[in-house]
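Below, chain A is the first sequence line, B the second, and so on; all start at residue 1. Heavy atoms only: backbone and side chains are in, while hydrogens, waters and symmetry mates are out. These numbers come from a predicted model, not from an experiment.
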Amino acid sequence: MSSVGEKWKGAKSRAAQSGIPDLEAHVDFCRRAEACGIDSVLTAFGFHRADPIVLASALGVLTTKIKFMIAVRSGTCSPTVLVQQVNTLSALTNGRICLNVVGGHTPNEQKGYGDFLSHDDRYARTDEFLTVCRAFWEGDGPVNFKGNYYHIENGRLNTPFVAPDRRGPEIFLGGSSPQAFGLAARHAHCLWTLPRRPEEMAKQIRAILESGTEVGILVSIIARPSRKEALSTAQSMLAEVGDRARKTHQDFSRVSDSVAFTSTLALAEESSSDWLTDWLWTGAVPYLGAPAIALVGSYDEVAEGILEFSKAGITQFLFMGWPDVPEMTAFSEEVRPRVLAQYDAGSDISQGTPLNDEAELNQP
Amino acid sequence: MNLRFHWRLLQGGETAGVTRATASSQRATGLPDLERQIEFCRQAEKSGISGLLTDVGAAKPDPILLAAGLGLATERIEFIVAYRSGLALPTTFVQQLNTLSALVNGRLSLNIVAGHSPIEQRYYGDYLDHRERYARTEEFLAICRALWRNDGLVSFNGNYYRIEEAKLNTPFVSPHRSFPELFIAGGSPEARYLAVSQGTLWMRLADTPESLKVSVAPVLAAEKEVGLRMSIIARASREEALHSAYRLVAGLDPSLRDGEKEKHFMLKSDSVSISETYALAENEWLNPWLWTGAVRSYGAPAVALVGSFEEVAQALIDYARVGVTQFILSGWPKLDEMILFGREVLPRVRKLEAGLRRSQILRDL
């Protein structure tokens, strides 16, 4: 969401991006997403962006169907405050809100918020944070909690989570480290991770699927009528964003402690080919960041890629496009019908679209 | 500059004549009621009200998000967002406020409170005492103001907060200001000191103009504004106003009266202004217009100006003479009293104000 109007999401350094939200463009984007049958849009968190939950409140009262997936970092507020804000937003939107919980991916940025914990300690704190939040949503009485990071006594809030069918929001949790997997298994409905070859993923995610948590991938998409057109779009994109973008991401990688970001960037920089499979392309990653790992090809090929992931156990997809709206439209009109036609009718597959760029696959 | 009048925002589920203790235990006060609240905002715009106080507390929806929802449906009204340190960290808070400012073109100010109930503070994981909460709030605001200066990375190392090289890309957006007006609410010396050190205005509960004169002197000397939070019962005649006032308390169903619950609330509070106002309420009329009779049932901000439209307008001007420039008012019911205020009291205040300005100019000559 925060990247609406930026054609090459991720090409600019974060410090160079405008943090002033363009409400009209955002509303337009949300309405197009609704028209395309997208379930939810991701509103990212970062120092260079508008605050996601405040922005979603504004967009929520101007839209009717779309859900907002709010990026939340522990360490920026008390869990009671977060629950109160989430519940308020749920009441304003009739429950059209879910959470993407992240722990922060860049220590320097975290320090600006007053958070000096290491990667592993951030996970331990996020664990406590979610335990407190869920006690508000799932419990019936006052909340009491005493841990290493939080101490809540008889916590109570008058504003409940308002939704036709839920007592609390769906929780997504992003990351690729073992800590992320463990935390997702404990607290999340779905783990967001970055794609690898489907057969590799099937092994990686077996344990977490057995714990009852879904797995989704954050992936970009370039789908065209023919493979040739898709490849030429991909190549001209690289030519346009150029080497400056490449340097931006090398710089970012040096200051990030996110396993998902840095490992994907390393994978893209080190492997001999830009193609993990016939349709999974890492060529844009050095230029546009880890979430630029992309499904590239004809409509049929991209649909096939999605089906391969679904066979590996992936049930949710968070897509990005360059730019988002035409890609989202092509997805909705061309790719999704092909996926659904071949998909086992008894199963369920859902799609989200991120309104985001690299800061998004919020790494706890 | 003209006196500015604000009103308390109507809460979801709010009905007339419900006491503070009853209201905060009702589930409905926790839910926004956008339809009625937007209507209230639009009426406030028509009634010449500048801003609406959006409460903060465990019994209410989050004020920043509520203001975002209401701000998009309105054009002129400002939102006075109440906030406490100890909830969000200052960088997060400024990012949320700045985002709100960009969405509503700067139509917001802040009413900073230190928190009045240690029990409620613990819901949020806050265990500091009254004095320390003020010390923390001072650090909180110092960081906020540094971020609002928007002239480079912000680092801070204090007793309560440590921030390193903070930067935000979303600035405070407003046609007139680079940061929001900062009302510091509270009756204690700590609150007054904080208003001088970090605020733009000291917001306190009402007392007689003579008593106020002494207490506001240091604030005015520091070239900060003074504001009053109070209630109002203005009617066509003094008799009608008195009748409404007495009916407000006498007409309460005994179960709604809640005097005991209210007293219990007061005993648990460590707020200086709340306990002082209860002490004042021992004396029902502080002067011929200033009535404390509703305090025991409706809480400390229920100290009320009671009288005819002329009397109330004149009483407000009496406050202006001792240096008060802004008011956050309320009434029973909030909407009806606000409509009467805008139609009957405000035009009289504006006329008296013009006279006051003329006499000040003549005196200065």
Name the region of [X], side chain, backbone, both or neither, that has any atom closer than 4.5 Å to a heavy atom of chain A.
X      : result
B/Y124 : both
B/Y127 : side chain
B/L34  : side chain

About how many Å separate [atom2] of [Y] and [atom1] of [X], when rounded to the nearest 0.5 Å?
X      : Y      : atom1 : atom2 : result
B/L153 : A/K111 : CG    : NZ    : 13.0 Å
A/C77  : B/L87  : SG    : CG    : 9.0 Å
B/I119 : A/N154 : CD1   : CG    : 8.5 Å
A/L82  : B/T92  : CG    : OG1   : 11.0 Å

Are any side-chain N or O atoms of [X] and backbone N or O atoms of [Y], one a donor and one an acceptor, separated by less than 3.5 Å?
X      : Y     : result
B/T170 : A/G19 : yes
A/Q84  : B/K60 : yes
A/T88  : B/D62 : yes

Restricting to non-hydrogen atoms, name the atom on [X] and the atom on [Y] that form the minimum distance, rounded to 0.1 Å.
X      : Y      : answer
B/A166 : A/G112 : CB-O, 3.2 Å
A/F136 : B/Y123 : CZ-O, 4.5 Å
A/V81  : B/A88  : CG2-N, 4.4 Å
A/A91  : B/L31  : CB-CD2, 4.0 Å

So do the side chains of [X] and [Y] get within less than 4.5 Å of each other, counting heavy atoms only?
X      : Y      : answer
A/Q85  : B/Q96  : yes
B/L168 : A/Y113 : yes
B/T99  : A/P52  : no

Response to the item:
Per-residue tally against chain B (heavy atom, under 4.5 Å) across A/I20, A/V143, A/T80 peaks at A/T80
Worksheet item: For atom CZ of B/R145, is the number of surrounding heavy atoms from other residues, nucleotides or ligands below 6.0 Å larger than 12?
Response: yes
Worksheet item: Is atom CD of A/E138 surrounded by more than 12 heavy atoms (other residues, nucleotides or ligands) closer than 6.0 Å?
Response: yes
Is [X] in contact with chain B via its backbone, its side chain, both, or neither, using a 4.5 Å heavy-atom distance?
X      : value
A/V61  : side chain
A/V162 : side chain
A/L23  : side chain
A/F116 : side chain

Practice prompt. Using distance alone, with no hydrogens and no angle criterion, decide if A/D51 and B/Q95 have a side-chain donor and acceptor under 3.5 Å apart.
Written response: no
Worksheet, complete the sentence: For residues 65-80 of chain B against chain A, heavy atoms under 4.5 Å, the residues are B/L65, B/L66, B/A68, B/G69, B/L72
